Amino acid sequence: MWCRALSVLLMIAAFALLAISCRDDEPESTIDMSRAEDELAGVADEGPSGPSGPAFGPVFYYAAPEAAGGALISVTLLVSADGGRYGLSALNVYCDDGDLGISLYYLPETSLDPVTVNVSLDGDAPLRQSWSVSRAYAATLGYDATVTEPDILFSDLAKASVAVLDIPQLGVGPAKFDLATLFSTPVQAHLERCGEEEPLEVIEPPADHQPLTVAEGKVSDRVSYRSENLRRARLQTTVTFADPNVVTRQGPVELVLTCKPDGHFNVELANLPRPRDSREVPPWDTDVVLRFDRQPASKEQWAIYSLSDGVEAHAPAPWSLMQAMVRSSTFSVSLPEFGIQAMIVDLHEMFSTPVQNNLNHCGFYTADGKG
């Protein structure tokens, strides 16, 4: 799923605006920031929700022949780590057309290249290694660093049980990786023979989950859920958090998580206020400030959709954002240009609906579930 999700993330293009009907629709209230800090701290103390199911890993594997020849084999282990984008770190071991590689994703922006990565195996003194830096996937997976001698490190990792990586120059880590999990996937044998053979068919987690296809309700005054078959029996699952403290004429501002019919995630903020001046239009994109648990706040640009019934902001990296959400307890969302100081989301509550397994297996439903 990692590689399939990655391929989709890299194809994200510019969003188009739809026609709008503008009117005065400023939020009627915002959350006091001191109270927001207390709420974040209180819920974070409860601990993360924890991933469950192939859509949330923690290990993602994939192998397939490529259209231009050769093959791609990839295994990625995703963990929480201080300093990483969204508080994440991902160790990726791959064989691309016969070339072995090892990379670390979700690094913050940096002008450094290379960076020094400390690699400690099974508690031994860390090895200081120079890894080259790339920003090829910066919009969706953060900056990444790639080891210069992958064959040596691959051999060392395969003999160990736990690897701890950190990059002091970037304030990333320590990130702890369970190597037994990383090296026990169905594509492991292909990785070990990198350059010697090509997989003859696609290898990925089995699509054996029968999803809940018709469901609708609430688990609280703030969290609702819906699973429905759209046209041609295409399944869509949605979980919505409605913030009673941030309200526009459309209703409470909502955080909406969706498993779309194509098997990919979408994350959006809905019911955003329209401009005060009816001659204005919402921006093409807007600054969104995110903070997970006790991680430092980070800012990114979300694209704006203006619809006939409201204004929405869509996350640029929904798959990555969902991975961070399921590994956290709470987070705050701020939209300065819309006058929204902080929207506090309880992730325990969002990930406790009857349709949670639909999200856990998003992209891996049985044929009947896919429609």
Side-chain angles (χ1 to χ4, degrees), residues 1-12 51 54-63 72-96 99-119 129-148 150 153-154 157 163-179 181-183 185 187 191 204 264-265 267 290 292 295-296 298 300 315-328:
M1 182 63 178
W2 168 269
C3 287
R4 186 167 67 183
L6 176 58
S7 65
V8 172
L9 291 174
L10 299 180
M11 293 172 62
I12 295 176
F56 293 123
V59 66
F60 304 87
Y61 62 88
Y62 183 84
L72 174 65
I73 306 144
S74 174
V75 182
T76 302
L77 188 60
L78 189 64
V79 300
S80 299
D82 289 342
R85 185 181 182 189
Y86 300 144
L88 297 174
S89 183
L91 183 61
N92 178 221
V93 181
Y94 59 92
C95 176
D96 189 1
D99 293 326
L100 185 67
I102 301 175
S103 297
L104 195 65
Y105 286 87
Y106 292 111
L107 304 184
E109 293 185 13
T110 178
S111 60
L112 299 176
D113 183 22
V115 293
T116 299
V117 179
N118 295 325
V119 182
Q129 300 183 341
S130 179
W131 291 31
S132 60
V133 174
S134 168
R135 57 180 183 181
Y137 311 128
T140 53
L141 300 171
Y143 281 43
D144 62 273
T146 300
V147 68
T148 54
L153 183 57
F154 183 89
L157 292 175
V164 177
L165 279 67
D166 71 285
I167 308 178
Q169 294 164 291
L170 304 183
V172 173
K176 184 178 180 180
F177 297 95
D178 180 355
L179 299 176
T181 301
L182 184 69
F183 288 119
T185 73
V187 304
L191 270 180
E204 63 180 349
H264 295 100
F265 289 123
V267 179
L290 305 175
F292 285 92
Q295 291 284 331
S298 61
E300 60 187 23
W319 188 85
S320 297
L321 193 55
M322 285 285 284
Q323 299 302 321
M325 286 183 182
V326 81
R327 289 167 172 79
S328 305

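Computed from a predicted model, the values in this text were never measured in an experiment.
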**Complete:** What one should report as the nearest heavy-atom pair of Ser328 and Ala324 is OG-O, 2.8 Å
**Prompt:** Can you tell me how far CG of Leu321 sits from CZ of Arg85, rounded to the nearest 0.5 angstrom?
**Reply:** 8.5 Å
**Asked** How many angstroms lie between OH in Tyr106 and CG in Asn92, if you round to the nearest 0.5 Å?
**Response** 10.5 Å
**Message:** Has Gln129 got a side-chain atom pairing as donor or acceptor with Val147's backbone, closer than 3.5 angstrom?
**Reply:** no
**Message:** How long is the straight-line distance from SG of Cys95 back to CG of Leu191, given to the nearest 0.5 Å?
**Reply:** 7.0 Å
**Asked** Should Phe154 and Phe183 be marked as a ring pair (Phe, Tyr, Trp, His ring centres under 6.0 Å) after you check the CA-CA gap, both sets of side-chain angles, and the distance that decides it?
**Response** CA-CA 10 Å; Phe154 183 89; Phe183 288 119; 5.5 Å; yes
**Prompt:** Under 3.5 Å, is there a donor-acceptor pair between the side chain of Gln323 and the main chain of Pro58?
**Reply:** no
**Item:** Smallest separation among heavy atoms of Ala90 and Thr76, with atom names
**Value:** CB-CG2, 3.8 Å
**Item:** Nearest-0.5 Å distance that lies between atom CD in Glu300 and atom OH in Tyr86
**Value:** 3.5 Å
**Asked** Taking C-beta and beyond as the side chain, do Met325 and Val267 meet within less than 4.5 Å on heavy atoms?
**Response** yes
**Message:** Nearest 0.5 angstrom please: Glu204 CD to Ser74 OG, how far?
**Reply:** 12.0 Å
**Prompt:** Looking at residues at least two apart in the chain, or sitting in another chain, which of them share a side chain to side chain contact (heavy atoms under 4.5 Å, CB included) with Ser103?
**Reply:** Tyr94, Tyr105, Thr146
**Item:** Donor-acceptor contact below 3.5 Å, side chain Arg327 vs main chain Leu88
**Value:** no
**Asked** Closest heavy-atom contact between Gly173 and Asp166?
**Response** CA-CB, 4.1 Å
**Prompt:** Got a second to check how far Leu78's CG is from Leu182's CG, nearest 0.5 Å?
**Reply:** 12.0 Å
**Request:** Evaluate the side-chain contact (heavy atoms from CB on, under 4.5 Å) criterion for residues Trp131 and Leu165: first the C-alpha distance (whole Å), next the side-chain angles of each, then the deciding distance (0.1 Å), finally the verdict.
**Result:** CA-CA 12 Å; Trp131 291 31; Leu165 279 67; 4.0 Å; yes
**Request:** Classify the ring geometry between Trp319 and Phe60 as parallel (under 30°), tilted (30 to 60°) or perpendicular (over 60°).
**Result:** perpendicular
**Contact summary for Asp113 and Val133, nearest pair of heavy atoms** = OD1-N, 2.8 Å
**Request:** Apply side-chain contact (heavy atoms from CB on, under 4.5 Å) to Tyr143 and Val172, showing your working.
**Result:** CA-CA 12 Å; Tyr143 281 43; Val172 173; over 6 Å; no
**Asked** Taking all non-hydrogen atoms of both residues, which atom of Thr140 and which atom of Ser320 are closest, and how far apart?
**Response** O-OG, 2.9 Å
**Prompt:** Of the non-hydrogen atoms in Ile102 and Pro150, which two are nearest, and what is the gap between them?
**Reply:** CD1-O, 3.7 Å
**side-chain hydrogen bond (donor to acceptor under 3.5 Å, both in side chains) involving Thr181 - partner list, sequence neighbours excluded** = Asp178
